[in-house]
Amino acid sequence: MKKLLISATFLAVAVTPIVGSAAAKTYTAYVLEPLKVNNYTQTHNKETGDQYIENKVTAFTNTDKAIFWAANKDNKQISSDYEQQVNNISKINLTTKMGTGDQVKMGMENAYWKTTNAFVSGEVDFR
């Protein structure tokens with residue numbers, strides 16, 4: 001019985017996935033201001049040399065889609081625009097080369113020309 005328990009424990013440890021160091025950052029109820037005014041996440045250091053960030057939208061209030069893009073620390077856009085809805089995951093490809101340690105953030109705006117605030121929540125992996 002002891003041998004079986006040790007074997008089962010070893011098997012469980014052997015098949016446990018190894019989690020990478022890059023982790024998604026959660027954003028909650030970020031304002032999508034009226035008239036498509038831009039908003040940005042905080043700046044984050046890139047953890048890898050991958051030339052993209054990945055965004056998943058988990059919720060909206062007062063809208064059903066928004067536009068997202070990558071930006072540098074000075075809010076200069078460094079990707080194309082990506083339109084997203086709830087549960088959509090976008091791989092936002094960078095148009096400017098960014099290396100490990102370079103600062104990047106994500107920009108966003110409402111997809112509609114509204115006169116009231118909307119809100120978006122999600123997870124972004126700045127990689």
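When a residue number appears, it is its place in the shown sequence, counting from 1. Both backbone and side-chain heavy atoms feed into the values below; hydrogens, waters and symmetry mates do not.
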[Y] and [X], any side-chain heavy atoms less than 4.5 Å apart:
| X | Y | value |
| --- | --- | --- |
| Met106 | Phe126 | yes |
| Met108 | Val124 | no |
| Asn45 | Asp102 | no |
| Glu109 | Asn38 | yes |
| Thr26 | Glu123 | yes |

Measure from the side-chain N and O atoms of [X] to the backbone N and O of [Y], and report whether any donor-acceptor pair falls under 3.5 Å.
| X | Y | answer |
| --- | --- | --- |
| Lys56 | Ile89 | no |
| Asp50 | Tyr52 | no |
| Ser121 | Thr58 | no |
| Thr95 | Ile78 | yes |

Calculate, to the nearest 0.5 Å, the distance between atoms [atom1] and [atom2] belonging to [X] and [Y] respectively.
| X | Y | atom1 | atom2 | result |
| --- | --- | --- | --- | --- |
| Lys114 | Asn62 | NZ | CG | 4.0 Å |
| Glu33 | Asn117 | CD | CG | 6.0 Å |
| Arg127 | Thr100 | CZ | OG1 | 11.0 Å |
| Gln103 | His44 | CD | NE2 | 10.5 Å |
| Asp125 | Ile92 | CG | CD1 | 11.0 Å |
| Gln51 | Lys91 | CD | NZ | 11.0 Å |

In terms of heavy-atom contacts, Ala23 and Glu47 come closest through N-OE1, 3.8 Å

What closest approach, in Å, do Glu83 and Ala111 show between heavy atoms, and which atom pair accounts for it?
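In terms of heavy atoms, the two residues are closest at OE1-CB, 4.4 Å.
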
Margin query: The test is side-chain contact (heavy atoms from CB on, under 4.5 Å); show your working for Val104 and Thr43 and say whether it passes.
Written below: CA-CA 5 Å; Val104 66; Thr43 303; over 6 Å; no

- [ ] Find out if a path of hydrophobic residues (ILVMFWY) with successive side-chain heavy-atom gaps under 4.5 Å connects Tyr82 to Tyr30.
- [x]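 Shared cluster, yes.
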
The residue among Asn110, Asn39, Val37 that forms side chain to side chain contact (heavy atoms under 4.5 Å, CB included) with Leu32 is Asn110

Verdict with reasoning, Asn88 to Val57, per side-chain contact (heavy atoms from CB on, under 4.5 Å)
CA-CA 6 Å; Asn88 173 253; Val57 174; 5.7 Å; no

All N/O donor-acceptor pairs, side-chain side in residues 67-77, below 3.5 Å, sequence neighbours left out:
{"unit_1": "Asn72", "atom_1": "OD1", "unit_2": "Asp74", "atom_2": "N", "d": "2.8"}
{"unit_1": "Asn72", "atom_1": "OD1", "unit_2": "Asn75", "atom_2": "N", "d": "3.3"}
{"unit_1": "Asn72", "atom_1": "OD1", "unit_2": "Lys76", "atom_2": "N", "d": "3.0"}
{"unit_1": "Asn75", "atom_1": "OD1", "unit_2": "Lys105", "atom_2": "NZ", "d": "2.7"}
{"unit_1": "Gln77", "atom_1": "NE2", "unit_2": "Ser79", "atom_2": "O", "d": "2.8"}
{"unit_1": "Gln77", "atom_1": "NE2", "unit_2": "Asp81", "atom_2": "OD1", "d": "2.8"}

